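Note that ligands are numbered from 1 as they come in the structure, with each ligand's atoms numbered from 1 the same way. The first residue of the sequence shown is numbered 1, and numbering continues consecutively from there. Since the structure is predicted, the reported quantities are computational estimates derived from the model, not experimental observations.
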Amino acid sequence: MVDVLLGLQWGDEGKGKVVDFFAPRYDVIARFQGGPNAGHTLYVNGDKVVLHQIPSGIFHDGIINLIGNGVVLDPVTLKKECEKVAGFGVDVKKNLFISERTNVIVPTHRALDKASELSKGDDKIGSTLKGIGPAYMDKTGRNAIRVGDLLRKDFKEQYQKLRTKHIQMLGVYNFEEDIAAWEQEFFEAVDFLKTLNIVNGEYFINDLLKEGKKVLAEGAQGSMLDVDFGTFPFVTSSNTISAGVCTGLGIAPQHIGEVIGVTKAYCTRVGGGPFPTELFDATGEELRKIGHEFGATTGRPRRCGWIDLVALNYACILNGVTQIVMTKSDVLDSFTSLKVCTGYLVDGKETAKMPYQLNGVEVQPVYQEFKGWDRAVAACNAIEELPIAFQEYLKFITDYLKVEVRYISNGPGRDQIIYQAEQVTV
Ligand code: GDP
Ligand code: IMO
Ligand code: MG
């Protein structure tokens with residue numbers, strides 16, 4: 001079976017930490033979409049590590065980590081990341097595998113990302129500028145270089161062809177970038193990548209499934225950043241929802257088992273685009289400060305607001321979420337009152353459904369207010385110990401979404417997670 005773990009909001013829900021926690025229950029952890037725009041934070045023996053491309057199971061001995069065909073891979077970031085995890089004693093040659101169909105991010109993709117963002121002016125997406133959009137455009141445009149191509153004799157010619165095309169496109173944007181230094185780094189990193197385990201990802205994973213191995217697919221970004229269903233055009237360029245697992249790994253839908261959705265106890269967004277429950281006041285500032293809400297990849301301050309059940313319900317429907325992990329519950333400990341968004345007022349009419357378009361639409365969140373709690377969730381070690389007010393907050397959310405919140409994360413550490421053993425189904 002393949003279980004899926006993914007973000008239900010606008011990313012940064014704490015997926016890395018939760019995958020690291022679940023990893024011992026699986027044989028394989030696989031990334032199926034996204035690229036180095038992701039920043040997944042984990043703590044290894046007290047040391048903070050941020051992973052961008054390597055799956056978050058890498059620190060567990062004997063677990064296979066697969067970068068699937070649906071990912072866009074930057075060899076330079078990958079090399080740096082491999083060096084970083086090697087510092088923790090991880091042998092990537094043993095437990096990291098890369099699909100030969102994975103698309104490669106080249107230096108000009110990053111330049112094109114910059115050029116495109118600049119050309120948008122005030123409407124910019126707030127991209128991480130890692131070349132994600134241009135790399136996926138080359139995939140659907142049928143121009144991309146894939147990891148398997150790096151091993152071919154004519155790779156350099158293929159690269160030059162793509163480079164020429166990109167330089168012409170940069171000319172249209174009237175954008176110049178000196179990519180010579182990036183290219184040197186790129187080719188060194190390509191040589192390194194060629195020494196790793198490059199496999200036919202779809203046979204690789206299906207053979208493992210046939211042997212009865214358990215796979216956890218690790219999502220990047222979040223459901224509201226999905227290219228089809230997110231707050232378009234302020235989205236990333238891949239399908240972040242559970243449907244992306246099949247195309248991003250080459251597995252059939254009947255293999256999908258549990259879909260584990262991760263949400264913060266509140267909500268954040270980094271980059272541009274609509275965010276109905278965003279707080280622009282001292283409360284928002286407080287959430288940012290207590291939650292250390294700064295991007296793991298870019299360091300940008302994250303926009304903060306209350307939990308949005310309209311968006312969460314939408315994400316539960318799209319993904320077929322079977323269980324929820326709520327993270328950063330401890331961040332709310334010091335608030336005397338909390339709000340939960342239960343509907344949107346769109347042009348004066350209340351709805352609990354996500355409109356197809358949020359840009360240029362006047363959306364006012366409808367809130368239900370809750371009392372804060374008197375005892376720190378951070379200090380709890382069992383469900384029964386959770387403050388009554390927190391349990392009420394949780395019950396309201398569970399009843400609204402009709403999906404159980406099975407795990408409460410109450411701190412960034414690997415073991416700071418509360419659950420009832422009898423509810424464990426993965
Ligand atoms: P991801 O992209 O979904 O993996 O999330 P990020 O790593 O970008 O951001 C989540 C941040 O919250 C990281 O700094 C984590 O260390 C931290 N974190 C995760 N879970 C918790 C939690 O339950 N409580 C607190 N206080 N921090 C958490
Ligand atoms: P993880 O996996 C939060 C956001 C960017 C921008 C938009 C498009 O750590 O949750 P892109 O680089 O794809 O062109 O950016 O998406 N974004 C993320 N926000 N977490 C992420 O990943 C993100 N990856 C992209 O800020 O608004
Ligand atoms: Mg992140």
Interfacing atoms of ligand 1 (cut-off 4.0 Å, heavy-atom, G411): 20 (N), 21 (C), 22 (C), 23 (O), 24 (N), 25 (C)
Side chains of H60 and D20, donor plus acceptor under 3.5 Å: yes
D12 N/O to ligand 1 N/O under 3.5 Å: yes
N239 versus D226, side-chain donor and acceptor atoms under 3.5 Å: yes
Side chain to side chain contact (heavy atoms under 4.5 Å, CB included) partner of V4, the single match among V215, I256, N319, V321: I256
Heavy-atom closest contact (Y400 atom, N313 atom, distance): CE2-CB, 4.1 Å
Interfacing atoms of ligand 1 (cut-off 4.0 Å, heavy-atom, A296): 8 (O)
R414 to ligand 1, any heavy atom closer than 4.0 Å: no
Counterpart residues, ring pair (Phe, Tyr, Trp, His ring centres under 6.0 Å), relative to F234 (two or more places apart): none
N or O pair under 3.5 Å between R269 and ligand 2: no
Proximal atoms of ligand 1 relative to G16 (non-hydrogen, under 4.0 Å): 4 (O)
Identity and separation of the nearest protein heavy atom to atom 23 (C) of ligand 2: Q221 CG, 3.6 Å
Distance-only polar pair, side chains of Q221 and Q33, donor-acceptor under 3.5 Å: yes
Part of K130 within contact of ligand 2 (heavy atoms, under 4.0 Å): neither
Per-atom contacts, ligand 2 versus T128 - under 4.0 Å to a heavy atom: 11 (P), 12 (O), 15 (O)
Ligand 2 atoms in contact with T236 (distance to a heavy atom under 4.0 Å): 13 (O)
W10 contact mode with ligand 2 (heavy-atom cut-off under 4.0 Å): backbone
Pairwise distance CG(L42) to OG(S56) - rounded to 0.5 angstrom: 5.0 Å
E100/R146 ion pair, N-O < 4.0 Å: no
By side chain to side chain donor-acceptor pair (under 3.5 Å) - contacts of Q416 (at least two apart): none
Aromatic Y407 / basic R25 pairing, under 6.0 angstrom, 45° off normal: no
Proximity to ligand 1 by part of L42, non-hydrogen separation under 4.0 Å: neither
E218, portion touching ligand 1 at heavy-atom distance under 4.0 Å: neither
G7 near ligand 2 by a heavy-atom separation under 4.0 Å: no
Sub-4.0 Å heavy-atom contact, G39 with ligand 1: yes
Ligand 1 contact by G7, heavy-atom criterion under 4.0 angstrom: no
If only protein N, O or S atoms under 2.8 Å count, total around the Mg ion (ligand 3): 2
Salt bridge flag under 4.0 Å for residues K130 and D74: no
Ligand 2 to G133 polar contact by distance, N or O atoms, under 3.5 Å: no
Numbered atoms and elements of ligand 2 in range of G126, under 4.0 angstrom, heavy atoms: 5 (C), 6 (C), 26 (O), 27 (O)
Pair E293 + R288: basic N to acidic O under 4.0 Å: no
Heavy atom of the protein closest to atom 15 (C) of ligand 1 (residue, atom name, distance): T41 CB, 4.0 Å
Side-chain donor-acceptor contact under 3.5 Å, E258 with T322: yes
Interfacing atoms of ligand 2 (cut-off 4.0 Å, heavy-atom, V270): 3 (C), 5 (C), 19 (N), 26 (O), 27 (O)
Sequence neighbours excluded - side-chain hydrogen bond (donor to acceptor under 3.5 Å, both in side chains) pairs with any residue from residues 117-127: D113-S127
Ligand-side contact atoms (ligand 2) for residue partner A220, heavy atom cut-off under 4.0 Å: 2 (O)
Identity and separation of the nearest protein heavy atom to atom 14 (O) of ligand 2: S127 OG, 2.8 Å
I63 and N95, any side-chain heavy atoms less than 4.5 Å apart: no
Contact atoms of ligand 2, heavy-atom distance to R300 under 4.0 Å: 5 (C), 26 (O)
Residue of the set Y26, Y419, F59 for which ring-ring contact (aromatic ring centres under 6.0 Å, His included) holds with F21: Y419
The one among K328, E13, H292 that brings a heavy atom closest to atom 11 (C) of ligand 1: K328
Donor + acceptor pair across side chains of Q9, T263 (<3.5 Å): yes
Residue A38 vicinity, atoms of ligand 2 by number, heavy atom under 4.0 Å: 1 (P), 2 (O), 9 (O), 22 (O)
K15 neighbourhood, listing ligand 2 atoms whose heavy-atom distance to it stays under 4.0 Å: 1 (P), 2 (O), 10 (O)
Donor + acceptor pair across side chains of S99, R101 (<3.5 Å): no
Winner among L225, L51, D12 once heavy atoms are compared against atom 20 (N) of ligand 2: D12
Electrostatic pair K79:E83 at N-O distance under 4.0 angstrom: yes
Closest approach of any protein heavy atom to atom 9 (O) of ligand 1, naming residue and atom: R302 NH2, 3.5 Å
For atom 24 (N) of ligand 1, the option (of I408, I417, D330, T327) bearing the nearest heavy atom: D330
Contact atoms of ligand 1, heavy-atom distance to H40 under 4.0 Å: 1 (P), 2 (O), 4 (O), 7 (O)
Mode of K17 contact toward ligand 1 - side chain, backbone, both, neither (heavy atoms, under 4.0 Å): side chain
R31/E218 ion pair, N-O < 4.0 Å: no
Contacting atoms of ligand 1, where contact means under 4.0 angstrom from a heavy atom of N410: 23 (O)
Ion pair check, E185 and K80, cut-off under 4.0 Å: yes
Any donor-acceptor N or O pair under 3.5 Å, side chains T297, N37: no
Contacting atoms of ligand 1, where contact means under 4.0 angstrom from a heavy atom of Y43: 16 (O)
Nearest non-hydrogen protein atom, atom 8 (C) of ligand 2: V235 O, 3.4 Å
Q184 CD: over 12 foreign heavy atoms closer than 6.0 Å: no
Ligand 1 contact on S409 by region, counting heavy-atom pairs under 4.0 Å: both
